[in-house]
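Following: one structure in structure tokens, then a few remarks.
Treat the numbers as computed from the prediction; the structure is a model and nothing was measured.
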Amino acid sequence: MKKLSVNFQKLLVWLTGYLNLIAFILCGGYLFLNTKEKTVKRSAKTVLYLLAGFTGLDILRSLVYNLCSLFDARITVLSTISEIGTALVVIKALVFLTLFILDMCGVQLSFIKVNDKENEKDHDDDDDDDDDHHDEDDD
């Protein structure tokens, strides 16, 4: 398989996240696990958090709608809940589009952090090496 560019990987993560949750889990999870690029991992985490939030809101809206219909609530309540669901779809599209544009422009979102364990280990090893050199100089 040919190596994909970083921008194409990010585009793929955002596109699958917007279109379908299962497609994102397959594609975004694969890219998150197999890439070494921090920007792609950050994009995958951002999309995951967005999907979790909007899916939770949709589940809550669906639950309230079904409870209202179960107890024969008034039609106005049900239509209001349906309008809220429609508004959530529009808000989801706007948030995805905005964050996608910011991510593709290179803006780093401060609430998403990717831990790079290999770099932390390298820095720890470098610190230990520096301590060894100082001990040799003291002798």
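Annotation: the span from Ile84 atom CD1 to Leu88 atom CG amounts to 7.5 Å, rounded to 0.5 Å. Taking CD of Gln9 as the start and NZ of Lys41 as the end, the distance is 11.0 Å to the nearest 0.5 Å. Within the model, atoms CG of Leu99 and CE of Met104 stand 13.5 Å from one another, a figure rounded to the nearest 0.5 Å. Taking CG from Leu60 and OH from Tyr65, the interatomic distance works out to 15.5 Å, rounded to the nearest 0.5 Å. Here the CG-CG distance, from Asn34 to Leu4, works out to 11.5 Å after rounding to the nearest 0.5 Å. Leu51 contributes atom CG, which lies 11.0 Å from atom OG1 of Thr46 (distance to the nearest 0.5 angstrom).
Listed by chain and number, the residues in a ring pair (Phe, Tyr, Trp, His ring centres under 6.0 Å) with Phe96 are Trp14, Tyr18 (sequence neighbours excluded). In this structure, the side chain to side chain contact (heavy atoms under 4.5 Å, CB included) partners of Ile101, at least two apart in sequence or on a different chain, are Leu97, Cys105. Residues satisfying the side chain to side chain contact (heavy atoms under 4.5 Å, CB included) criterion with Thr39, sequence neighbours excluded, are Val6, Lys10, Glu37, Arg42. Under the rule for a side chain to side chain contact (heavy atoms under 4.5 Å, CB included), the partners of Leu15 that lie at least two apart in sequence or sit in another chain are Leu19. Judged as a side-chain hydrogen bond (donor to acceptor under 3.5 Å, both in side chains), and not counting sequence neighbours, the contacts of Asp58 are Arg61.
Between the side chain of Thr35 and the main chain of Phe32, no donor-acceptor pair closer than 3.5 Å is present.
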- Pair Ile91-Phe54, side chain to side chain contact (heavy atoms under 4.5 Å, CB included): steps then yes or no: CA-CA 9 Å; Ile91 291 170; Phe54 282 115; 4.1 Å; yes
- Task: Test side chain to side chain contact (heavy atoms under 4.5 Å, CB included) on Val47 and Phe100 and set out the steps.
- Result: CA-CA 9 Å; Val47 173; Phe100 167 70; over 6 Å; no
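Cluster partners of Val90 are Leu94, counting Ile, Leu, Val, Met, Phe, Trp and Tyr whose side-chain heavy atoms approach within less than 4.5 Å, directly or via other members. The hydrophobic cluster around Val89 extends to none of the other residues, as no ILVMFWY side-chain heavy atom falls under 4.5 Å of it. Through direct or relayed side-chain contacts under 4.5 Å between Ile, Leu, Val, Met, Phe, Trp and Tyr, Ile22 connects to Leu26.
Residues Gly28 and Ala44 approach most closely at O-CB, 4.3 Å, considering heavy atoms.
Legend: salt bridge (Lys or Arg N to Asp or Glu O under 4.0 Å) pairs involving residues 77-88, not counting sequence neighbours: none detected.
A chain of hydrophobic side-chain contacts below 4.5 Å, direct or via other Ile, Leu, Val, Met, Phe, Trp or Tyr residues, connects Val107 to Leu11.
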